2 protein chains.
Amino acid sequence: MPAVTLTEVARRAGVSPATASRVLNGSERKPAAEIAERVRAAAESLGYIPNAQAQALARSSSGLVGLVVNDIADPYFSSIARGVQAAAREHLRTVLLIGTAGGPAEERRAVEAFAARRTDAIVIAGSRSDRPQDAADNEALSRETARYLANGGHMALIGHPFPGDQDPAVRVISVPNRDLARELGRRLGGEPFDDYVVVAGRGGLVTSDLRTEGFQQGLADAGRSPAGVVRTDFDRDGGFAAAPGIAAAVRTAHDAGRRTCVFAVNDRMAIGLVAGLREEGLRVPRDLGVAGFDDIETLRDFRPALTTVRLPLEEMGRLAVETALGDASPAEVTGSVVLRRSTQGPAHT
Amino acid sequence: MPAVTLTEVARRAGVSPATASRVLNGSERKPAAEIAERVRAAAESLGYIPNAQAQALARSSSGLVGLVVNDIADPYFSSIARGVQAAAREHLRTVLLIGTAGGPAEERRAVEAFAARRTDAIVIAGSRSDRPQDAADNEALSRETARYLANGGHMALIGHPFPGDQDPAVRVISVPNRDLARELGRRLGGEPFDDYVVVAGRGGLVTSDLRTEGFQQGLADAGRSPAGVVRTDFDRDGGFAAAPGIAAAVRTAHDAGRRTCVFAVNDRMAIGLVAGLREEGLRVPRDLGVAGFDDIETLRDFRPALTTVRLPLEEMGRLAVETALGDASPAEVTGSVVLRRSTQGPAHT
DNA sequence: GATCCATTGGAATGCGCTTTCCGCGCTCAT
DNA sequence: ATGAGCGCGGAAAGCGCATTCCAATGGATC
């Protein structure tokens, strides 16, 4: 039971397929009103739905926008996805979604899949990795991207450019992770803490590394000595797993009369960490300060309210598709430090 | 700079397009090994990427799975989306995502868009509405669905069937909202509370109504009198907005020596409610009990830990695409009541 | 050694649509 | 009155691929 085709509509309306096409699917040429009406009526009565595949083939433009994320269930990505979806809709595009487990190899495959679909644009929201073992895959990803661009595709990256050579044609919605983390470090460096610790993701994760680096700079700006760095997974469980070690350190410091502040490089890690610390019998901010990064909306009602850095996630998604589609120019996102209760000393309570 | 085509690959390999097609894109007939190798080499050196649109047109199967959600940034939907994405990948499909603001009119448009793309299957995760003013749109959605199915499409609904007539061809991954809420009501009815209140979504929202109804039945099972029902928005802000009213009621009850338990029909509402109550100076569970529904992962570290009903969200997404694709049969999801601290009396502390 | 069948590569057709390119009839300027 | 020019609908040529049908080749069979 094949779908009704444009030709059938044309026949029913007593016109040629060319004419039917012109009236039904936005063309330059507008056929006479009377004919147009007849065609529309025929289409309506037959329940005609244009075949987007065929249209894409004929006009070589698919009306698709590809989005690649690490994990769509992660609120960071799903917020971005909302923006992408909204912008795509406004531009009369549909979004194609691929979730990778993270890592350039899978991202390359995603780009290839999108290229096969001839998506008008690709937005990559996954995080970059510059670990040596990912070098080959990064290289492959760059090549795949170059090929896609050469075939007329457009691409926007959220966060940071590809490690290594970066095709100037790929637009970057750059997130000033380093600067914002630095500002956070500066502000927290001004608070009455004695020791600082960073709970970071594994080395080579660009976002994590830049946030760590920036935070250290900020501490230095504030005249503090560098924070110790603990590496763990870049998610909630990573933060949770880091808790015992942090707890031990905090206790030792506490015995020496020193107060600790921990910066987990993203909110989910921070939440996991706080949960883990609770199991260790430590409370925030009474026993230590904890800060995160991203200001995930779903986590705002969390108590103690988390000191973090706000990122306009949804806006970033919007911007990415608009930039990729050529309706906006690559921009740097603006975020802001938000000090909340999780880093306040007992005195403030 | 057009992409390289199959014909070019064929020419380069010195074979016909037919042969090239057979070796490159999984066909029944396997050309001789030597020829196959030559074709593959040609494809590789040219950087050939098959045009999925053209393939779809020729074989009339798109390799696409459509997913419609209310709001992809809502963790409920993004968890489902993760499952959909994973299952789609396993079935060598790509997912097409459309977010509606909720409401059958937009869902109809989404189905139409998916039908235009000739998606192999559509998964609808949005919530049903049976408000009178949505009747016409529901009707239209049903018709659109019927047309899609008639053209060979497949569809799975997560939650509940369409209000009114339900085409037997659309598969339903049914969520026993009523039964689970009933079980929750029964359990909570056995706890030392005196008054119960339900914070529900607007009337006509099937999910909300069933959970409310089930909860009332459960209370009855436990020998309790019915809960009062407050209607608000079905999201975090709705819960927050309900707080002042709830607070007043709780205080009144408290003065009369009665303890209140509130059931917010989803976790996000519950979290918003707790946040709002905090502003009112009320604490959970000290001053009242609060329960939610869904057991959103991101919210599990929330304190007080929320009593709720666990739903296998990701699994539901998987199941939906497998069922739609014919690899599984429509099933009823199993959830479970999870009693946590938010509904424990002070004694348990 | 002749016949038959199975296998293989190629030519051709069509998937559903858009878009030149044509030829027509009309209006307007000269 | 006549030619140029414009607007119109239709014919036809693809877009890139899968697939059916054909012809040719090879081997197996008796």
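Labels below follow one simple rule: chain letters A, B, ... track the order of the sequence lines, proteins then strands, and each chain is numbered from 1. Here the structure is a predicted model, which means the values were calculated and not measured.
- Partner I122(A) forms a side-chain contact (heavy atoms from CB on, under 4.5 Å) with one of L149(A), L157(A), V111(A) and no other, that one being V111(A).
- The nucleotide whose nearest atom lies closest to any side-chain atom of S21(A) is, among dT18(C), dG9(C), dG16(D), dT18(C).
- Distance, L24(A) CG to dT19(C) P: 14 Å, rounded to whole Å.
- Only L57(A), A58(A), listed by number, bring a heavy atom of residues 51-64 of chain A to less than 4.0 angstrom from any atom of DNA chain D.
- Of all the heavy atoms in Y48(A) and T5(A), the pair that sits closest is CE1-C, 3.7 Å.
- For S16(B) and I49(A), each mapped to the nucleotide of DNA chain C holding its nearest heavy atom, the one lying further toward the 5' end belongs to S16(B).
- With hydrogens and angles disregarded, a donor-acceptor distance shorter than 3.5 Å links the side chain of S62(B) to the backbone of R118(B).
- For T7(A) and dC17(C), the shortest distance from a side-chain N or O to OP1 or OP2 is not below 4.0 Å.
- Counting only heavy atoms from C-beta outward, the side chains of L96(B) and L67(B) never approach each other to under 4.5 Å.
- Counting any heavy atom pair closer than 4.0 Å across all strands shown, P50(A) reaches sugar-phosphate atoms only and no base atom.
- In this structure, R143(B) pairs ionically with E139(B), as a charged nitrogen and a carboxylate oxygen lie closer than 4.0 Å.
- Qualifying salt bridge (Lys or Arg N to Asp or Glu O under 4.0 Å) partners for R318(A), counting only residues two or more places apart in sequence or in other chains: E90(A).
- Looking at the side chain of T5(B), the nearest of the listed nucleotides dA11(C), dC17(D), dG9(D) is dC17(D).
- If you measure from atom CG of N25(B) to atom P of dC15(C), you get 20 Å, rounded to the nearest angstrom.
- A donor-acceptor pair under 3.5 Å links the side-chain atoms of Y148(A) to the main chain of T119(A), judged by distance alone.
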Under-3.5 Å N/O pairs linking protein and nucleotides 21-26 of chain D:
from	atom 1	to	atom 2	distance (Å)
dC21(D)	N4	R29(B)	NH1	3.4

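- Between the side chain of R40(A) and the main chain of R38(A), no donor-acceptor pair closer than 3.5 Å is present.
- D137(A) has no carboxylate O lying under 4.0 Å from a charged side-chain N of R108(A), or vice versa, which leaves the two without a salt bridge.
- Distance CG/L325(A) to NE2/H91(A): 6.0 Å, rounded to 0.5 Å.
- Salt bridge R147(B)/E144(B): present, at least one basic N to carboxylate O contact under 4.0 Å.
- Taking the side chain of L6(A) as heavy atoms from C-beta on, and the options dC17(C), dG10(D), dC8(D), the nearest nucleotide is dC17(C).
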Side-chain donor-acceptor pairs under 3.5 Å in residues 49-59 of chain A, sequence neighbours left out?
from	atom 1	to	atom 2	distance (Å)
N51(A)	OD1	Q53(A)	N	2.8
N51(A)	OD1	A54(A)	N	3.1
Q53(A)	NE2	R117(B)	O	2.7
Q55(A)	OE1	N25(A)	ND2	2.5

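- A straight line from CZ of R38(A) to P of dG10(D) spans 8 Å, rounded to a whole angstrom.
- Formation of a donor-acceptor pair under 3.5 Å by the R128(B) side chain with backbone atoms of V206(B) is not found in this model.
- For the helix from dG1(C)-dC30(D) to dT30(C)-dA1(D), the axis fitted to the five pairs at one end and the axis fitted to the five pairs at the other end meet at an angle of 40° (nearest 10 degrees).
- For E106(B) and R89(A), the salt-bridge test passes: some basic side-chain N is under 4.0 Å from an acidic carboxylate O.
- Taken residue by residue, residues 109-121 of chain A places no heavy atom nearer than 4.0 Å to DNA chain C.
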